Amino acid sequence: LMGHRTLSSNGAIVGATALRSTYILDCGQRMNGDQSECIELESLWMDHLTEVVKSGRLGDVRVAYYSIQGQFLETIHSMVTAGPLFAASLFLMVVYISSALAKFGDTAKHSKMVVGLIGTLNVVLSTVIAFGLCSGVGIMITPCSPIVPFLLLGIGIDDMFVVVRSIELVPEGIPTEQRIKLAMRSCGGSITVTTVTDAVAFLIGATVRFPAMKTFCIHAAVGITVVFVLTCTLVVSVLAIHDRGMNGNPTVMDKFVYKV
């Protein structure tokens with residue numbers, strides 16, 4: 001594939017300012033399906049190419065190159081680099097949630113620190129499930145994919161706070177099932193609309209031809225959907241357990257954490 005070609009009078013190509021070449025290493029039959037030797041040959045090829053480029057033997061020609069293995073290693077590097085940042089973000093989020101939902105003294109039974117921790121766990125589970133589902137259907141992880149956990153962290157924690165606040169606005173003293181029903185009737189529409197619009201926006205973004213961006217949008221859409229499902233099930237269930245403890249039916253979790 002040539003770029004900015006120069007043609008002669010009879011239409012023949014006499015020059016080009018850019019050239020793209022693709023080399024396919026076919027060693028499946030010769031190696032009897034042993035991919036390790038294929039990877040070794042690819043590494044030797046890339047090492048030799050790198051040596052030629054750095055030696056200056058190509059003169060003023062600028063060479064940009066990549067391989068499937070190199071792309072995979074770059075993806076792993078991106079994930080390893082993003083790991084500590086994501087862990088730090090989770091820690092700071094836990095500190096913030098704990099300070100926002102914690103109550104002490106006479107109002108200790110209203111404290112929802114455990115609910116906040118479950119909301120953070122919800123984000124971690126959603127990330128694992130989203131990447132697992134996508135990998136299961138053949139959607140590979142790209143260097144853009146490590147951004148998804150940070151996106152889910154913001155959306156998941158926001159949904160949790162919306163649900164918690166809605167339950168707090170429901171009068172106490174009524175059965176837990178009724179409180180949860182009224183709270184979800186109040187906030188269910190807002191978090192559902194947010195989830196649908198975000199997921200649809202990323203699904204539209206998945207129609208682009210840029211592979212890395214397409215994969216990122218698919219991961220984000222699946223992750224946002226999983227966050228919504230777990231918020232409406234896992235987080236709400238923990239809130240229901242907490243509410244029963246407040247109504248005089250303390251569980252083991254309530255006795256240990258809230259001292260009621």
Side-chain angles (χ1 to χ4, degrees), residues 86-87 89-133 148-199 220-260:
F86 183 58
S89 300
L90 284 178
F91 174 76
L92 294 176
M93 191 61 69
V94 168
V95 173
Y96 169 73
I97 293 172
S98 299
S99 62
L101 299 180
K103 292 181 175 60
F104 305 95
D106 296 336
T107 61
K109 70 175 185 178
H110 296 279
S111 179
K112 296 181 177 63
M113 291 180 61
V114 172
V115 178
L117 294 176
I118 296 299
T120 308
L121 178 63
N122 175 28
V123 176
V124 178
L125 292 176
S126 299
T127 302
V128 174
I129 293 173
F131 282 116
L133 290 175
V148 174
F150 298 96
L151 176 68
L152 300 184
L153 181 63
I155 295 176
I157 297 302
D158 178 72
D159 288 349
M160 183 202 67
F161 272 113
V162 171
V163 174
V164 170
R165 182 55 180 166
S166 297
I167 292 180
E168 290 178 344
L169 294 177
V170 178
E172 299 182 12
I174 61 177
T176 297
E177 292 77 6
Q178 189 67 16
R179 289 197 76 199
I180 296 297
K181 178 180 178 181
L182 294 175
M184 294 306 294
R185 180 183 296 175
S186 173
C187 70
S190 62
I191 63 176
T192 301
V193 170
T194 301
T195 299
V196 171
T197 53
D198 289 345
V222 175
I224 290 171
T225 303
V226 175
V227 164
F228 172 76
V229 173
L230 291 183
T231 299
C232 295
T233 54
L234 177 62
V235 176
V236 172
S237 298
V238 175
L239 280 170
I241 295 173
H242 172 265
D243 189 73
R244 287 175 180 173
M246 291 175 54
N247 289 335
N249 300 302
T251 63
V252 175
M253 180 182 72
D254 296 316
K255 294 177 181 179
F256 178 74
V257 179
Y258 306 112
K259 308 298 183 182
V260 297

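Since the model is a prediction, treat every value here as computed from it, not as a measurement.
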Side chain to side chain contact (heavy atoms under 4.5 Å, CB included) between Leu230 and Ile129, worked out: CA-CA 11 Å; Leu230 291 183; Ile129 293 173; 4.3 Å; yes

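Shown here are the side-chain hydrogen bond (donor to acceptor under 3.5 Å, both in side chains) partners of Ser126, two or more places apart in sequence or in another chain: Asn122.
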Hey, can you pull the donor-acceptor pairs under 3.5 Å for the side chains in residues 148-162, sequence neighbours left out?
none

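For the atom pair Ile174 CD1 and Leu182 CG, the distance stands at 5.0 Å (nearest 0.5 Å). Of the inter-residue distances, the one linking Ile167 atom CD1 with Cys187 atom SG reads 7.0 Å to the nearest 0.5 angstrom. The distance from the OG atom of Ser186 to the NZ atom of Lys181 is 14.0 Å, given to the nearest 0.5 Å.
For the pair Ile191 and Cys232, the minimum side-chain heavy-atom distance is below 4.5 Å. In this structure the side chain of Leu125 reaches within 4.5 angstrom of the side chain of Leu234, judged on heavy atoms. With contacts defined as side-chain heavy-atom distances shorter than 4.5 Å, the pair Met184/Val163 qualifies.
Smallest separation of non-hydrogen atoms from Thr225 and Ala199: OG1-CB, 4.2 Å. Taking each heavy atom of Ser166 and Ala183 in turn, the nearest pair found is CB-O, 3.7 Å.
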